[in-house]
Amino acid sequence: QVQLVESGGGLVQAGGSLKLSCTDSRRTINIYTMGWFRQAPGKEREFVAAINWNGAIIDYAESVKGRFTISRDNAKNTMYLQMNSLKPDDTAVYYCAAGRGGVPSLRKLDYGYWGQGTQVTVSA
């Protein structure tokens with residue numbers, strides 16, 4: 001059973017940067033397509049970015065293109081989300097997810113494993 005753990009969230013001013021990490025300390029995530037989703041208060045959980053198992057295929061939500069970068073280091077069994085030029089609208093709980101699909105998906109139902117989430121708060 002994959003157990004994902006996110007880290008790196010926090011409070012940052014608008015225009016600042018944060019880097020989120022996602023790993024499983026006991027099982028490999030290297031075979032999975034991985035994704036980042038976020039959920040703001042009162043809103044649906046939405047797709048942010050996704051990456052296939054070897055990093056060759058990546059997809060982003062339009063709202064984060066050019067500001068966020070998803071990556072993975074399979075040697076460290078870890079996935080990352082570098083977030084630059086943060087805006088107050090980026091404030092949300094960020095979740096990492098793992099799925100068995102061969103290509104990145106923006107659909108929540110394509111991911112069978114989820115972390116507990118990490119809070120990102122961007123102040124104006």
Side-chain angles (χ1 to χ4, degrees):
Q1 184 80 2
V2 174
Q3 293 184 325
L4 302 172
V5 177
E6 304 95 338
S7 62
L11 173 64
V12 64
Q13 288 186 331
S17 298
L18 282 174
K19 187 173 185 177
L20 306 183
S21 299
C22 172
T23 189
D24 183 328
S25 62
R26 296 183 296 175
R27 292 186 181 273
T28 183
I29 62 172
N30 297 346
I31 62 173
Y32 294 98
T33 286
M34 301 293 295
W36 288 100
F37 290 75
R38 66 186 182 186
Q39 188 167 16
K43 294 187 177 181
E44 294 284 324
R45 191 172 300 188
E46 65 176 6
F47 170 76
V48 175
I51 186 168
N52 78 320
W53 73 274
N54 66 356
I57 307 172
I58 290 174
D59 196 12
Y60 294 100
E62 285 296 324
S63 60
V64 306
K65 277 185 180 177
R67 300 188 298 123
F68 291 10
T69 302
I70 189 172
S71 63
R72 66 191 303 164
D73 184 340
N74 286 344
K76 296 182 178 180
N77 203 42
T78 303
M79 177 185 64
Y80 305 98
L81 185 67
Q82 176 68 47
M83 305 185 294
N84 298 328
S85 302
L86 282 161
K87 306 174 182 179
D89 283 350
D90 295 317
T91 295
V93 177
Y94 283 70
Y95 299 89
C96 71
R100 292 186 178 275
V103 294
S105 172
L106 52 77
R107 302 189 308 172
K108 294 187 292 291
L109 59 84
D110 287 330
Y111 296 86
Y113 305 102
W114 292 83
Q116 293 299 306
T118 185
Q119 177 71 46
V120 171
T121 303
V122 184
S123 62

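Since we're looking at a predicted model, the values are computed, not measured.
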Query - Linked, directly or transitively: V64 and V120 (ILVMFWY side chains, under 4.5 Å) - result: yes
Report task. Could you tell me the separation between the CG atom of D90 and the CG atom of L18, rounded to the nearest 0.5 Å? Result -> 10.0 Å
Report task. Check each of Q116, R45, K108 against Y95 using the side-chain contact (heavy atoms from CB on, under 4.5 Å) test, and report the only one that passes. Result -> R45
Requested in this report: Report yes or no: do S17 and N84 form a side-chain donor-acceptor pair below 3.5 Å?
Outcome: yes
Query - Expected output: side-chain D24 to main-chain I29 donor-acceptor under 3.5 Å - result: no
Query raised in the report: Between E6 and C96, which heavy-atom pair has the shortest distance, and what is it?
Result: OE2-N, 2.9 Å
Query - Nearest heavy atoms of T78 and K76, plus distance in Å - result: OG1-O, 2.7 Å
Report task. Please step through side chain to side chain contact (heavy atoms under 4.5 Å, CB included) for the pair L4 and M34, ending with a clear verdict. Result -> CA-CA 11 Å; L4 302 172; M34 301 293 295; 4.1 Å; yes
**Report entry** Over all atoms of both residues, closest heavy-atom pair of A50 and P104
**Finding:** CB-CB, 3.5 Å
Query raised in the report: Got a donor-acceptor contact below 3.5 angstrom from the S85 side chain to the R67 backbone?
Result: no
Query raised in the report: Is R27 atom CZ crowded by more than 12 heavy atoms from other residues, nucleotides or ligands, each under 6.0 Å away?
Result: no
Query raised in the report: For I57, does its backbone N or O pair with a side-chain atom of N52 as donor and acceptor, under 3.5 Å?
Result: yes
Report summary line: dist N54:CG -> I31:CD1 (nearest 0.5 Å) comes out at 13.5 Å
Query raised in the report: Do Y60 and M83 belong to the same hydrophobic cluster, where Ile, Leu, Val, Met, Phe, Trp and Tyr are linked whenever their side-chain heavy atoms lie under 4.5 Å apart, directly or via other members?
Result: yes
Query raised in the report: When you look at R38 and E46, which way does the side chain to side chain contact (heavy atoms under 4.5 Å, CB included) test go after all the steps?
Result: CA-CA 5 Å; R38 66 186 182 186; E46 65 176 6; 2.7 Å; yes
**Report entry** Heavy-atom closest contact (P88 atom, A14 atom, distance)
**Finding:** CD-CB, 4.1 Å
Query - Aromatic ring proximity W114/F37, centre distance under 6.0 Å - result: yes
Requested in this report: Applying side chain to side chain contact (heavy atoms under 4.5 Å, CB included), run through N30 and N77 and close with a yes or a no.
Outcome: CA-CA 6 Å; N30 297 346; N77 203 42; 3.2 Å; yes
Report summary line: To the nearest 0.5 Å, atom CZ of R100 lies from atom CH2 of W53 at 15.0 Å
Query - Verify same cluster id: W36, L86 (apolar side-chain graph, 4.5 Å) - result: yes
Requested in this report: State plainly whether one hydrophobic cluster holds both L106 and I70, where clusters connect Ile, Leu, Val, Met, Phe, Trp and Tyr through side-chain heavy atoms under 4.5 angstrom apart.
Outcome: no
**Report entry** Euclidean distance, K19 NZ relative to T69 OG1, rounded to 0.5 Å
**Finding:** 9.5 Å
Report task. Anything under 30° is parallel, anything over 60° is perpendicular, the rest tilted; go ahead and classify Y94 against F68. Result -> tilted
Query - Linked, directly or transitively: Y111 and Y113 (ILVMFWY side chains, under 4.5 Å) - result: no
Query raised in the report: Counting heavy atoms not belonging to Q82, are there more than 12 under 6.0 Å from its CD?
Result: yes
Query raised in the report: In Å, rounded to the nearest 0.5 Å, how long is the span from CD of Q119 to OG1 of T91?
Result: 7.5 Å
